[in-house]
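Order of appearance sets the numbers: ligands from 1, and atoms from 1 within every ligand. In this text, all values refer to a predicted model and were calculated from it rather than measured experimentally.
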Amino acid sequence: MEKTNREGFASNFGFIMAAVGSAVGLGNIWGFPYKMGMNGGFAFLLIYLVLAIFIGIAVMVGELVIGRKTGLSPIAAYRKLSKKFTFLGYMALACPFLILCFYMVLGGMVMRYACGYLLAMFGVDTWGVADISTYFGVFTTNGTSMVIWTLIFIVINAVIVAAGIGGGIEKFCNIGMPCLFVILLIVIVYVAVQPGAMGGYQFMFGFNIEPLKTDFLTVLKTAAGQMFFSLSLGMGAIITYGSYLNKKEKIQKNAVIIVVMDTLVAIMAGMIVMPACYAFLDGNTKGGPGLLFQSMQMVFHNMGGFIGNLMGFLFYFLVFIAAISSSMSLLEALTSSRVDRNVEAGKAPNRRKIVIVFAILVAIFALPNALDGIGAGVAGGATLPTPAELFGMTDAVKGWNDCWLDFYDMLSEGILMPVGAMIMAFAIGWIWKMDFVVEECESSGCKFWGKAFFNICYKFITPIGMLVVLYGQITSYFF
Ligand code: TRP
């Protein structure tokens, strides 16, 4: 089928920037450093790299192939490949929807932080200057402000996605991504020259695999989940972007570039956060999910004065660019599925209307995440109870019931994503077979490399790896 009715990326650079924009997000700048901080630094990095090379690249190629070969978004794409797998397409949409419901809330918070520091630079806001130890709690339990910032973030997303692939997403990422790299470098350099920063590099790059000996499965499972999330794999976003990719472009080369850039940004974010923890927080890297907000706010507070506010602004502005370029890929995955349906049925695409409907749905389902004080719950002064409070499970904190964000995350990142990736790799390896992948990659006129390696990846490494991850997740959630 020809992709006549479909607009696409104007250039391969634009495609790469958009795909990197999708990949580089809160996962890199928030998730990666905090998970590394809690899972042994170097040991985590090592496992992450192995997984990205042995699983990430192959799955990325697989998704781009499915997208480009069919020229369709996930549901229609899977249906076209085989009716039996249509359900994978639906899973690949449930997942971005759930992720968006918490991603938008976090994005809104990041925006609030960026604005706070910007205003503080000019003395208009007391952000990060007043009593900082209680700031996070006061802010997150203020339901009105959480909801307003979430809505602002959703509206910005909707405006960009409504403008389409070439006109909205690509334009934003073409400017946003290079900016992000420059700001990353500025903040890295500033942190590097602070006394005590060395400890952070030692923690990240000093050879130490002790943590693997004590808890290999935890490190493996955390790194694998992180890798999938960070690369935007396992749920339709990359299939969607692949469907807009020009036939001339080389899929394998693009996949490698995306994986390398994403990993690079994760490591660079680590090179801000870890040394900063050593220079300003006495080496406490175990801030957990609060690392991005509480620990980093403390870092900029301890830097102090104008420079602290300036660095704070630059840092959160960077996180903002990263977050929004990711959330728009999720919104695009949802949107394009409906657009394709309209086009299939011979109707007008109606992109704008679809974006508005999804934005409203996301806003509604995001409410629990915005209103439970990110886990503070009614006990902590928030408007809504946490899942644990709601179900009366106060003595059994399981990593999914302590806040609604973790609940949504459990369903999406924890379960749907590994299941989706497992079945997809299995289908490529055993049902559609390698030639399916090779043919599409070679259609741009270049030779496919590493056929045996990719084959083993689809047939064995990815399905088995995902099974192990799923086992690890389910036992940690429910037992
Ligand atoms: N990769 C993004 C991050 O690191 C999040 C994201 C965007 C995502 N699109 C996705 C995750 C699709 C899974 C699937 O923050």
Side-chain angles (χ1 to χ4, degrees), residues 17-36 48 52 55-56 59-60 62-64 66-67 73-74 88-89 91-107 109-110 153 157 160-161 169 172-173 176-177 180 222-243 258-259 261-270 289 292 318-337 358 362 405 408-421 424 466 469:
M17 287 303 112
V20 170
S22 167
V24 170
L26 293 171
N28 305 61
I29 303 180
W30 179 39
F32 185 84
Y34 99 67
K35 288 175 191 171
M36 179 162 65
Y48 185 92
I55 298 187
V59 176
M60 178 75 70
E63 291 204 14
L64 288 174
I66 292 177
S73 53
L88 263 185
M91 272 172 56
L93 287 189
C95 215
F97 184 80
L98 290 166
I99 294 183
L100 269 179
C101 292
F102 64 83
Y103 216 90
M104 296 293 197
V105 176
L106 293 166
M109 289 167 65
V110 167
F153 194 74
N157 266 286
I160 298 174
V161 175
I169 296 178
F172 180 92
C173 293
M177 288 302 114
L180 180 132
T222 315
Q226 172 61 25
M227 190 267 296
F228 265 77
F229 187 84
S230 182
L231 290 176
S232 302
L233 294 176
M235 54 183 76
I238 299 294
I239 296 184
T240 308
Y241 278 8
S243 73
I258 299 167
V259 174
M261 301 265 266
D262 182 72
T263 308
L264 197 65
V265 173
I267 294 175
M268 286 166 83
L292 178 66
L318 164 162
V319 185
F320 166 73
I321 299 178
I324 196 156
S325 59
S326 297
S327 49
M328 67 206 186
S329 77
L330 293 159
L331 190 56
E332 172 60 31
L334 297 176
T335 305
S336 66
S337 71
F358 276 121
V362 168
L405 192 157
Y408 281 61
D409 186 53
M410 179 268 284
L411 294 176
S412 51
E413 193 189 355
I415 296 184
L416 284 172
M417 205 162 66
V419 173
M424 185 200 86
M466 287 302 103
V469 170

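- Note on ring orientation: taking the six-membered ring where Trp is involved, the planes of Y48 and F32 are perpendicular (angle over 60°, cut-offs 30° and 60°).
- Sequence neighbours left out, the pairs with a member in residues 410-419 that pass salt bridge (Lys or Arg N to Asp or Glu O under 4.0 Å) are K35-E413.
- The CE atom of M91 sits 5.0 Å away from atom CG of L416, with the distance rounded to the nearest 0.5 Å.
- The side-chain hydrogen bond (donor to acceptor under 3.5 Å, both in side chains) analysis of residues 19-32, with sequence neighbours excluded, yields the pairs S22-S232, S22-S329, N28-S230, N28-D262.
- With hydrogens and angles ignored, the 3.5 Å screen pairs a side-chain donor or acceptor of Y103 with a backbone N or O of L26.
- For the ring pair (Phe, Tyr, Trp, His ring centres under 6.0 Å) test, no residue two or more places apart in sequence or in another chain qualifies with F228.
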Between the protein and ligand 1, which nitrogen or oxygen pairs come in under 3.5 Å, and how far apart is each?
unit_1: ligand 1; atom_1: 1 (N); unit_2: S22; atom_2: O; d: 3.2
unit_1: ligand 1; atom_1: 1 (N); unit_2: A23; atom_2: O; d: 3.0
unit_1: ligand 1; atom_1: 1 (N); unit_2: F229; atom_2: O; d: 2.8
unit_1: ligand 1; atom_1: 1 (N); unit_2: S230; atom_2: O; d: 3.1
unit_1: ligand 1; atom_1: 1 (N); unit_2: S232; atom_2: OG; d: 3.0
unit_1: ligand 1; atom_1: 4 (O); unit_2: A23; atom_2: O; d: 3.0
unit_1: ligand 1; atom_1: 4 (O); unit_2: G27; atom_2: N; d: 3.3
unit_1: ligand 1; atom_1: 4 (O); unit_2: N28; atom_2: OD1; d: 3.3
unit_1: ligand 1; atom_1: 9 (N); unit_2: S232; atom_2: OG; d: 3.3
unit_1: ligand 1; atom_1: 9 (N); unit_2: S329; atom_2: OG; d: 3.2
unit_1: ligand 1; atom_1: 15 (O); unit_2: L26; atom_2: N; d: 3.1
unit_1: ligand 1; atom_1: 15 (O); unit_2: G27; atom_2: N; d: 2.7
unit_1: ligand 1; atom_1: 15 (O); unit_2: Y103; atom_2: OH; d: 2.6

